[in-house]
Amino acid sequence: MMTNILVVGEHLEGKIKKVTFELVTKAAELAQKSGGEVDLVLIGHGIQNPSELGSYGAKKIYVGESPKLERYNTEGMTIWDATATQPKK
C-alpha cells in the first residue's frame with residue numbers, strides 16, 4: 001500500500017528550523033518503504049529557501065505566504081486559504 005506523508009514544517013523569522021529537515025528526512029525514509037512520497041507545508045512570511053527541502057526528500061512543497069502570517073496568530077492562520085497557493089518545486 002502506497003502511503004504519502006504530510007509534514008508541517010516550522011520556521012523562525014523565515015529561517016527553516018532544523019527539526020523540519022529532520023522530519024522530512026525521516027518521513028522520506030518511511031515513505032520510501034511504502035512507495036509513497038513526502039509533501040511539506042510551510043506557512044508564514046519571508047520563508048527562506050523552501051525548495052532546499054526537496055533535497056531532503058520532500059516531493060511537493062506548499063508555501064502559504066502572506067505578510068499577515070509574519071507573526072503567528074490564530075486569525076492569520078484561519079484566513080490562509082491553502083487552495084490559493086500553488087506547490088513550489
Side-chain angles (χ1 to χ4, degrees):
M1 176 173 72
M2 181 171 54
T3 303
N4 290 346
I5 299 173
L6 177 65
V7 174
V8 178
E10 293 185 25
H11 67 92
L12 180 61
E13 297 178 358
K15 184 177 180 189
I16 298 170
K17 295 179 90 172
K18 181 180 175 185
V19 68
T20 300
F21 293 94
E22 294 168 349
L23 287 169
V24 169
T25 300
K26 188 60 176 179
E29 291 173 14
L30 295 170
Q32 184 180 19
K33 291 178 182 177
S34 72
E37 295 182 343
V38 177
D39 297 340
L40 172 71
V41 174
L42 291 164
I43 300 172
H45 180 65
I47 300 171
Q48 302 164 17
N49 304 316
S51 61
E52 179 181 12
L53 286 149
S55 64
Y56 288 80
K59 296 295 180 189
K60 293 180 186 169
I61 301 170
Y62 299 90
V63 178
E65 173 72 34
S66 170
K68 292 181 179 180
L69 301 171
E70 185 171 8
R71 301 264 185 247
Y72 177 82
N73 66 68
T74 53
E75 181 183 348
M77 295 299 162
T78 57
I79 63 168
W80 179 67
D81 180 0
T83 62
T85 303
Q86 297 297 314
K88 296 182 180 181
K89 293 186 179 187

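Since the model is a prediction, treat every value here as computed from it, not as a measurement.
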So how far is it from H11 NE2 to H45 NE2, rounded to the nearest 0.5 Å?
-> 10.0 Å
Interatomic distance, OG@S34 vs CG@N4, rounded to 0.5 Å, equals 7.5 Å
Evaluate whether atom CD of Q32 has more than 12 neighbouring non-hydrogen atoms of other residues, nucleotides or ligands under 6.0 angstrom away.
-> no
Of all heavy-atom pairs between A27 and V7, which one has the smallest distance, and what is that distance?
-> CB-CG2, 3.8 Å
Is L12 linked to V63 within one hydrophobic cluster, defined over Ile, Leu, Val, Met, Phe, Trp and Tyr using a side-chain heavy-atom separation of less than 4.5 Å?
-> no
So, for Y56 and E52, which heavy atoms are closest and what is the spacing to 0.1 Å?
-> CD1-O, 3.5 Å
Taken to the nearest 0.5 Å, the spacing of E37 CD from D39 CG works out to 7.0 Å
So, do L53 and L42 sit near enough that their side-chain heavy atoms are less than 4.5 Å apart?
-> yes
Heavy atoms of A28 and G57 approach each other most closely as CB-CA, 3.9 Å
Is the shortest heavy-atom distance from the side chain of V38 to the side chain of K59 under 4.5 Å?
-> no
Matching residue for L40 among I16, L23, L6, T20 - test: side chain to side chain contact (heavy atoms under 4.5 Å, CB included) | T20
